[in-house]
Asker: 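Okay, here's the structure, questions in a sec.
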Amino acid sequence: MEPPLDAQLDRARDLLAAARRVLVLTGAGISAESGVPTFRGVQGLWKEYRPEELATPGAFRRDPRLVWEWYAWRRDLVLRCKPNAGHRALARWLRARKAFAALATQNVDGLHTRAAAEDMGSQASLGSSAAPYPLLELHGSLFTVRCTECGREEPHTAPVDATSLETLPRCGACTALLRPGVVWFGEPLPETALSEAFRWAGEAEVALVVGTSALVHPAASLPGMTLRRGGSVVEVNPEASPLTPLAAVSLRGPAGILLAKVLGTGEPTRV
Ligand code: OAD
């Protein structure tokens with residue numbers, strides 16, 4: 001029988017309070033309460049779309065218009081969503097931890113960046129992060145683009161007209177087609193973000209893992225690094241994952257409610 005939730009919450013708080021360094025790893029589940037669909041599960045994006053038709057370099061070569069249409073739709077959807085209580089609790093808590101915590105996310109929705117900006121009372125500049133802690137976007141961002149020829153990468157938040165090949169965004173430097181700045185299946189992850197995330201995972205006493213099915217590597221290997229160095233995993237997820245049997249604490253439920261209970265809310269303090 002599982003220990004009662006209050007005891008689990010206490011244990012999670014104690015582990016986090018005792019840890020010198022913490023790596024937070026998030027997946028699509030943290031944005032579910034903002035209205036962003038997850039990838040797997042009953043209403044998951046990959047139930048409706050086949051990854052190899054939309055999220056591979058081959059798919060983009062075959063039909064860049066179709067791929068851009070899908071990403072333009074996802075951008076629109078995400079821009080209509082707001083960071084939720086889970087994003088806010090993390091932003092507030094990470095800022096308070098100063099140099100002793102990092103956030104690695106598999107999400108490309110920019111909601112952690114927006115939560116960090118809101119927490120600091122500034123305007124979010126999507127596609128680049130001014131978070132006062134390392135915010136490592138392991139799968140890139142919906143709000144950056146990369147040139148398919150010269151490789152130039154830059155923030156891009158303007159609406160994309162995907163009605164024809166001619167209207168797709170083009171590189172300001174060399175006029176070649178721009179592609180979404182996200183990682184597709186079969187592509188390597190951004191080198192700096194990935195090596196930073198592995199360094200944090202190997203040094204952290206606690207990996208706080210939120211809203212991920214923990215199936216897609218290399219991101220899913222990060223908590224294992226923390227375990228191998230003798231650290232602990234705290235998991236927040238309404239469902240069990242392959243990580244659950246290895247976690248010191250598994251908090252079953254939605255991230256918005258549970259993170260606020262474990263970390264404190266991210267709401268502004270009223271005076
Ligand atoms: P998944 O869609 O695989 O998993 C989402 C997880 O979130 C599941 O374990 C859910 O149980 C959990 N979840 C759902 N609602 C939640 C809530 N309110 N609070 C907390 N957790 C909740 O998403 P990821 O694990 O992020 O990669 O998927 C990893 C990668 O697979 C994605 O980054 C994407 C995809 O293919 C690329 O596109 C490269």
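Read the numbers this way: they start at 1 and go in the same order the structure lists the ligands and their atoms. Remember, predicted model here, so these are calculated numbers, not experimental data.
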Asker: Decide yes or no for T212 and S241: does some side-chain heavy atom of the first lie under 4.5 Å from some side-chain heavy atom of the second?
Answerer: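 Of all side-chain heavy-atom pairs linking S241 with T212, none is under 4.5 Å.
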Asker: Looking only at atom types and distance, does a side-chain atom of R252 sit under 3.5 Å from a main-chain N or O of L5, one as donor and one as acceptor?
Answerer: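 A pair under 3.5 Å: no.
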Asker: Show the atom names and distances, to 0.1 Å, of all donor-acceptor pairs under 3.5 Å that link a side chain in residues 166-182 to residues at least two apart or in another chain.
Answerer:
from	atom 1	to	atom 2	distance (Å)
E166	OE1	S164	OG	3.4
T167	OG1	D161	O	2.6
T167	OG1	S164	N	3.3
T167	OG1	S164	O	2.9
R170	NH1	T175	O	2.9
R179	NH1	E187	OE2	2.7
R179	NH2	V182	O	2.7
R179	NH2	E187	OE1	3.1

Asker: Which protein residues come within less than 4.0 angstrom of ligand 1, counting heavy atoms only?
Answerer: G27, A28, G29, A32, E33, T38, F39, R40, W46, Q106, H139, V183, F185, G211, T212, S213, V216, N237, P238, E239, P254, A255
Asker: Tell me every residue that passes side-chain contact (heavy atoms from CB on, under 4.5 Å) with T38, counting only those two or more places apart in sequence or in another chain.
Answerer: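 Per chain and number, T38 pairs via side-chain contact (heavy atoms from CB on, under 4.5 Å) with A28, A32.
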Asker: Could you check whether the rings of H112 and H87 sit parallel, tilted or perpendicular, using 30° and 60° as the cut-offs?
Answerer: perpendicular
Asker: Which residues pass the ring-ring contact (aromatic ring centres under 6.0 Å, His included) test with F185, not counting sequence neighbours?
Answerer: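 Once residues adjacent in sequence are excluded, the partners of F185 under the ring-ring contact (aromatic ring centres under 6.0 Å, His included) criterion are W46.
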